[in-house]
Amino acid sequence: MVDMNRRQFLKRGGQFVIAGIALPILSGCPLADLLRTVRARRSVGGLLDTDLRVCFARNRIGDMWLRSRTYEGCIPGPTLRVKPGDTLRLHIHNALPDDEDGGHMKGMVDHNIPGGFNITNFHSHGLHVSPKGISDNPYRQFMPGETNMVEIAIPEDHPTGTYWYHPHHHGSVTVQMLGGMGGALIIEGGADEVPEVAEAKEHVLILQEIRIDENGETPLLDEHAFHEGEHASFPGSVLQHTINGQVNPTIIMHPGEVQRWRIVQAGVDQFTPLGLDDHVFHQIAMDGISFKKPEEMEMILLAPGNRADVLVKAGAEGTYYLRMHAHDQGHGEMEEEILATIKVQGSAMDMPLPAGLPTPSSLEFIEDDEVENIRAISFSVESVPPGEMFPVFAINGQLFDPERIDETIPLGAVEEWIVTSATSHEHPFHLHTFPFQVTQISGNPVKPKRWQDTVIVPGFGIVRIRIRFNDIVGKSVFHCHILTHEDLGMMANFKVVEKL
Ligand SMILES: [Cu+2]
């Protein structure tokens, strides 16, 4: 009864606040649907030292209101901008309330049953940095009411580019990210200094997958999330694809103008095959890491976790749409959607595209004769076993156990991993700490060669990747970046150890 009253009170309070905020927005602000620039925090003198508050907040998503877990009350979180050699120091204040679901008992219950929805932590996705201590450590637990420090030393020779951050506490990742937790983490330099890139106006586009239930809140990953089959469809909730927290924002370009878009796929479950009407993308980087030269792409397929840096050269005056094309990732086709509107207008320009780009000196492609060891990694899915609540999402037949070391790797080893999907489901494979070279997808060589940190494994498909386990020791994880799969156990541990 007390709980019900509290909820009613919160709802009434919410409506009051909504009315207060809604007035200026509805009074006809003409810029309301222009793409917002997410505010950035930059390093000064080699250090970015900032607070990051995790709290419930209400945000307008399209024509709906959502109360969800956020960074700093906003969707997405602030953009963090650093340089190679910098230190990123965050003071993360978890201002979420205590969990009502026994979150404090985590570890005493089955850790592959989602829970502890108000416990969080911090992952710097794609960074080649230490996974130990208070660095990029995915095993930490930041409890409600606590302030925890994260300090990440970014090496001097770290590849520059578009990375991102998000919570990684096993069991609460889905709910926190469906509510909008995630943000861009940019390491400046490198290709940014190429004149044609430097002159292009930059937009950071953070694609998110926001779900809103009947109560205007984020649905939980519980047994109700699975209506039928092995796909968490969260019945009764509405899915909104947003860019920088906006539904279908407008980007303005001049005819002939070149813009640089840093696209961060910060979604949860759905892949985004991106296309722009009557235009091609000139892709200059994947998962942060620069290509040798721009690659012309009509469509770029991103999974949750991936990033693409593209140059877009606007054509003739007119209105064009950035679309997420229809796609089937193994559980039925998802319909095409418009993600953004591009209005090309005003005086014509003729901005050039770069001929070449600097690639990171620390990443030489791995030749056949360098590979010392081969490992096999298999994703498998089974429907809900009798008496259980969830389908089984496993790696090499096992569910996640934070105490178990699944793969022990000597420091300096160069390895090839053969990653397969044993069912019709597609899974994005993500390895922490070490980027990998994708060499083959289902028998087809990947050309030109490229580095990634997240790669889609097709249904019944095989992906071959090569990894150089250099200069960092410690334990971290690899997992499926469909976060519902990850929270339910599709994750494993690796440990890089000094040679004996
Ligand atoms: Cu998966």
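For ligands, and for the atoms within them, numbers begin at 1 and follow the listed sequence.
- Side chains of N493 and R404: no donor on one and acceptor on the other come within 3.5 Å.
- In this structure, K475 is not positioned above the aromatic face of F494 in the sense of NZ or CZ being under 6.0 Å from the six-membered ring centre and within 45° of the axis.
- By the 30° and 60° cut-offs, the orientation of the rings of H425 relative to H485 is perpendicular.
- Rounding to the nearest 0.5 Å gives a distance of 6.5 Å between OH of Y163 and CG of L127.
- The number of protein N, O or S atoms lying under 2.8 Å from the Cu ion (ligand 1) is 3.
- Sorted pairs that involve residues 124-144 and meet salt bridge (charged side-chain N to carboxylate O under 4.0 Å, His left out), not counting sequence neighbours, are lacking altogether.
- The aromatic rings of F400 and H111 stand perpendicular to each other, their planes meeting at an angle above 60°, with 30° marking the opposite boundary.
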